[in-house]
Asker: 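The structure that follows is given in the form of structure tokens.
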Amino acid sequence: MSLPKPIMRGLLAKRLRFHLPIACIMALLAGATFKFTVAEPRKQAYADFYKKYDSMKDFNAMREAGVFESVRPSGEFYICIPALILDLDY
Amino acid sequence: PNEIQDARPLPCLSCASSVYDKGNTGTRTQRGAKGKESAFWGVHFVHVGLLVVLQSFSQTMLRLTAGRLLLSGRTVAALSANSARMASHGDAVSEQNMMSLPMYCDRLDIPLPDKPYQDVLSAADKSLKQKEKGPWNNLSKEEKIALYRIMFKETYAEMKRPSSEWKTVFGGIFFFVGLTGLVVFWQRIYVYPPSPRTFEEEWQAKQVKRMLDMQVNPVEGFSAKWDYEKGQWK
């Protein structure tokens, strides 16, 4: 039985020489994929949204819906909140 | 505390009541409806578990000795060789002696156990051991196998033979998971407090409307999916 002597040294180096470039390429690929599938569309979506954004129109829509506490809908009276809680008459 | 949270700057004169008025103090006894699923799965799992466990038990118990299920590693040989002496000598003393001396074990990761399997050799075995000291080419195939069996109890092939233990394991898992499901179901009925009123359908609807009014995440998220002109989801 005379088998050839197996490789005893440099096993890690050999593996790294093969796998490290692949790892780097995969990392770059992952970054690029994320950038072009998530980041760029998101930036575009925000740009498109604000191109035609009218803040006063949206503000008035929200005001009429009644979400604000400082500005009530145009049909309501403005009442001082502490007066309400303390039940004062002014 | 509830009064202050619910107090809103309501108008003192006529104004249609806003949708954000203090919500109705509806029934607070409504229990979570989500716990009922656990009962279904609980019964199902217990049923499956019992079936598998009973099946596997009937198979494993008939084939294997009881010791295999109780011991880890394969120190069966040493202990069964011990049991004969234990009967005559009394339990505690020889058990201690055997445990402190090198023991034999059949393990995949220990190829050469601490001592040979057969300690006491018959006369034929002893002569075979003498023959082993010479050149091995003189040994026949049967003699080599006999020498192996003196040294070891099981071959690697025998050690690696498949068993039905996995059925017991999965059966036990299903059974106890199912039992837990039943326990959770019981808890849902008898232990859980009443659900918070924020879980009610009406409250949830009001909450969604308020989120849309505030335009939560209008660019890519929640309100972006609502069509404000048509008043419906996109």
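Naming convention: chains lettered A, B, ... in sequence-line order (proteins, then strands); numbering from 1 in each chain. Note that the structure is predicted; figures quoted are calculated from it, not measured.
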Asker: Does a side-chain heavy-atom distance below 4.5 Å link B/Asp213 with A/Met62?
Answerer: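 Counting from C-beta outward, B/Asp213 and A/Met62 never come under 4.5 Å.
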Asker: Is the number of heavy atoms from other residues, nucleotides or ligands under 6.0 Å of B/Phe176 CZ greater than 12?
Answerer: no
Asker: To the nearest 0.5 Å, tell me how far A/Phe59 CZ sits from B/Gln215 CD.
Answerer: 12.0 Å
Asker: What closest approach, in Å, do A/Pro41 and B/Glu220 show between heavy atoms, and which atom pair accounts for it?
Answerer: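 Minimum heavy-atom separation between A/Pro41 and B/Glu220: O-OE2, 4.3 Å.
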Asker: Report which part of A/Asp58 has an atom under 4.5 Å of a heavy atom belonging to chain B: side chain, backbone, both, or neither.
Answerer: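 When you check distances to chain B, atoms from both the backbone and side chain of A/Asp58 fall under 4.5 Å.
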Asker: So with a 6.0 Å cut-off around NZ of A/Lys57, is the heavy-atom count from everything else above 12?
Answerer: no
Asker: Counting neighbours of NZ on A/Lys14 that are heavy atoms of other residues, nucleotides or ligands and sit closer than 6.0 Å, is the number greater than 12?
Answerer: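 It does not: A/Lys14 NZ has 12 such atoms or fewer within range.
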Asker: Is the CZ atom of B/Arg149 crowded by more than 12 outside heavy atoms at less than 6.0 Å?
Answerer: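 More than 12 heavy atoms, drawn from other residues, nucleotides or ligands, come within 6.0 Å of this atom.
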